[in-house]
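Here's the structure, in structure tokens; my notes come after.
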Protein chains: 2
Amino acid sequence: MNENTTEEESPASELHSGRLSDFAYSSIKEQLTRGVYKPGHKLPIRSVAEMLKVGATPAREAINRLVFEGALVMVGPKTVIVPHLDLSALYEVTQMRLALEGLATEKGALRATNDVLDKLLVIQEKITLSLEEKRYGDALHDNKEFHFTIYRLCEMPHLLSTIEALWLRIGASFHDLYPEFAEAKYGVHNHLAAIEALVDKDPSAVRAAMENDIRDGYRRLKKAAQERLKRQ
Amino acid sequence: MNENTTEEESPASELHSGRLSDFAYSSIKEQLTRGVYKPGHKLPIRSVAEMLKVGATPAREAINRLVFEGALVMVGPKTVIVPHLDLSALYEVTQMRLALEGLATEKGALRATNDVLDKLLVIQEKITLSLEEKRYGDALHDNKEFHFTIYRLCEMPHLLSTIEALWLRIGASFHDLYPEFAEAKYGVHNHLAAIEALVDKDPSAVRAAMENDIRDGYRRLKKAAQERLKRQ
DNA sequence: TTCATAATTTTGTTATTACAAAAATCATGA
DNA sequence: TCATGATTTTTGTAATAACAAAATTATGAA
């Protein structure tokens, strides 16, 4: 971790709830969702430990957790890497996202206050701006924030954490094809439709809009991935 | 772990793919789903390590993994316990189960061969017998096997592992109220309906049967839990 | 050059140890 | 009897070291 844009602090900094393994875990996770590592990048325990300025034990535990939840993969008894894109995993995760994010959306839709609606509009503007300026990392970050702002409404923590794990599972491997993925203004239409349906207090319409967004994303991602696979 | 009915071997026995932490993880998991520990039972690292005849490191990693996926909970900075029953968690997990197990069922239904159907019938007979003889641990085990035999048909490993995590999240905490939960022949009707629908090659009917089973289970479990909470 | 094999380095795992902090126990006083 | 504070024990964490196994590099012959 170099001191560039992340909000994580120095190695074993202040109030990280203590545990170094938690610090290591969220550091790696942050870097994964920021697209710091390309698919195939190796993550040996000792390198990670050195980078984060911690011992081997917390680094090992963090890596193993990530492997366990599928954010990293083991390709050999002693080699874990950032996963390569995997169309069948993408399909699976998409199916699960439709089921679970649809559920969260529908359960929470009626609880949207004006504050939340305002927040969603602000986020959407940020996304649009980021896409125009080709700051894809920021766009991804805010897109996630848009979705989770809606999902949080249902107040189902177990559901939320399960969904988050799903995002992590494919997030990293698709980062490097984001430019071609985002050629069009990704998701704008669906997001606006979702906001409108929230205003209308129409849960199934919100769900439909979010599902559409997920499906659109899937199609574009799949296409971009296939083209890249063909090209190489 | 005493040598009764489990298939796990002695401490650091033969071909457990090597890792002691995996051995520890699956040992604890097995005991949790068998209902060995009552809710509230403490699991200190050193005790677990001694019981499994491994060092503190693999025991620690196993326990942390289980906490991470919600099968155990931390109630203090240095105390993890088997979770107490939690009605809102039960509700959440049930909603997720309906979405995800419904998905798995529907995707896999058309792939049921005669072998699978036979296997399901055999399992169902075992369940019925176990319930009659009040061997609730076995009944639970085979009930899980029934469900997962169907879910495996869709060949979606990510989905499978997510569903398994859900079972683990509530499994342990509801073990000690199984007797009152199972007063009636639990699930028989729904299971048979599912098998019939599989024979008919009717995916949505299979899904409906499985969802019914999940909902029935939820209602009974909730009722049993509420009665026990009232009584105490 | 290519492929198999040998030598070397890297790597994951685990037991151990030290330490600080939390939990449990005990003592004391009201 | 109960609360409160002090003491003792237990506990989780993380660094380290040792080891075996895997991964890598070097080497050699075809």
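Values reported hereafter were calculated over all heavy atoms of this structure, with side chains retained and with hydrogens, waters and symmetry mates removed. To find a chain, count down the sequence lines: A is the first, B the second, and so on, and within it residues start at 1.
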With the threshold set at 4.0 Å, does a side-chain nitrogen-carboxylate oxygen contact exist between B/E69 and B/R65?
->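 No salt bridge links B/E69 with B/R65.
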Could you list by number each residue of residues 57-67 of chain A showing a heavy-atom separation from DNA chain D of less than 4.0 Å, or answer none if no residue does?
->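 Heavy-atom contacts with DNA chain D come from A/T57, A/P58.
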Listed in order of residue number, which residues of residues 40-47 of chain A have a non-hydrogen atom at under 4.0 Å from DNA chain D?
-> A/K42, A/R46
Quick one: how far along DNA chain C does chain B reach, first to last nucleotide 5' to 3', anything under 4.0 Å to a heavy atom?
-> C/dT13 to C/dA24
Rounded to the nearest angstrom, tell me the gap between atom [atom1] in [X] and atom [atom2] in [N].
X     : N      : atom1 : atom2 : value
B/L20 : D/dC19 : CG    : P     : 17 Å
B/L72 : D/dG12 : CG    : P     : 12 Å
B/R19 : D/dA21 : CZ    : P     : 16 Å

Check B/T105, B/T162, B/L160 against B/L100 for a side chain to side chain contact (heavy atoms under 4.5 Å, CB included) and give me the one that passes.
-> B/T162
Using the ring of each side chain (for Trp, its six-membered ring), is A/F148 parallel, tilted or perpendicular to A/Y151, with breaks at 30° and 60°?
-> perpendicular
Parallel, tilted or perpendicular: rings of A/F68 and B/Y25 (30°, 60°) =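 Answer is perpendicular, since the angle exceeds 60°.
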Going from [atom1] on [X] to [atom2] on [Y], what distance comes out if it is rounded to the nearest 0.5 angstrom?
X      : Y      : atom1 : atom2 : result
A/Q31  : A/L43  : CD    : CG    : 8.5 Å
A/L120 : A/D115 : CG    : CG    : 11.0 Å
B/Q95  : A/L103 : CD    : CG    : 6.0 Å

Answer yes or no: are there more than 12 heavy-atom neighbours, outside B/K144 itself, under 6.0 Å from its atom NZ?
-> yes
Could you tell me whether A/E50 atom CD has more than 12 heavy atoms of other residues or ligands within 6.0 Å of it?
->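 Open: at most 12 neighbouring heavy atoms sit under 6.0 Å from CD of A/E50.
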Base of D/dA21 paired with side chain of A/K78 (donor-acceptor, under 3.5 Å) = yes
Is the backbone of A/H158 close enough, under 3.5 Å, to the side chain of B/E92 for a donor and an acceptor to pair up by distance?
->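 Yes, because the side chain of B/E92 sits within donor-acceptor range (under 3.5 Å) of the backbone of A/H158.
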Just by distance, do the side chain of B/S130 and the backbone of B/K126 share a donor-acceptor pair under 3.5 Å?
->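 Judged by distance alone, yes, a pair lies under 3.5 Å.
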DNA chain D: 5'-proximal contact among B/A56 and A/T79 (nearest heavy atom) =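 Final value for this comparison: B/A56.
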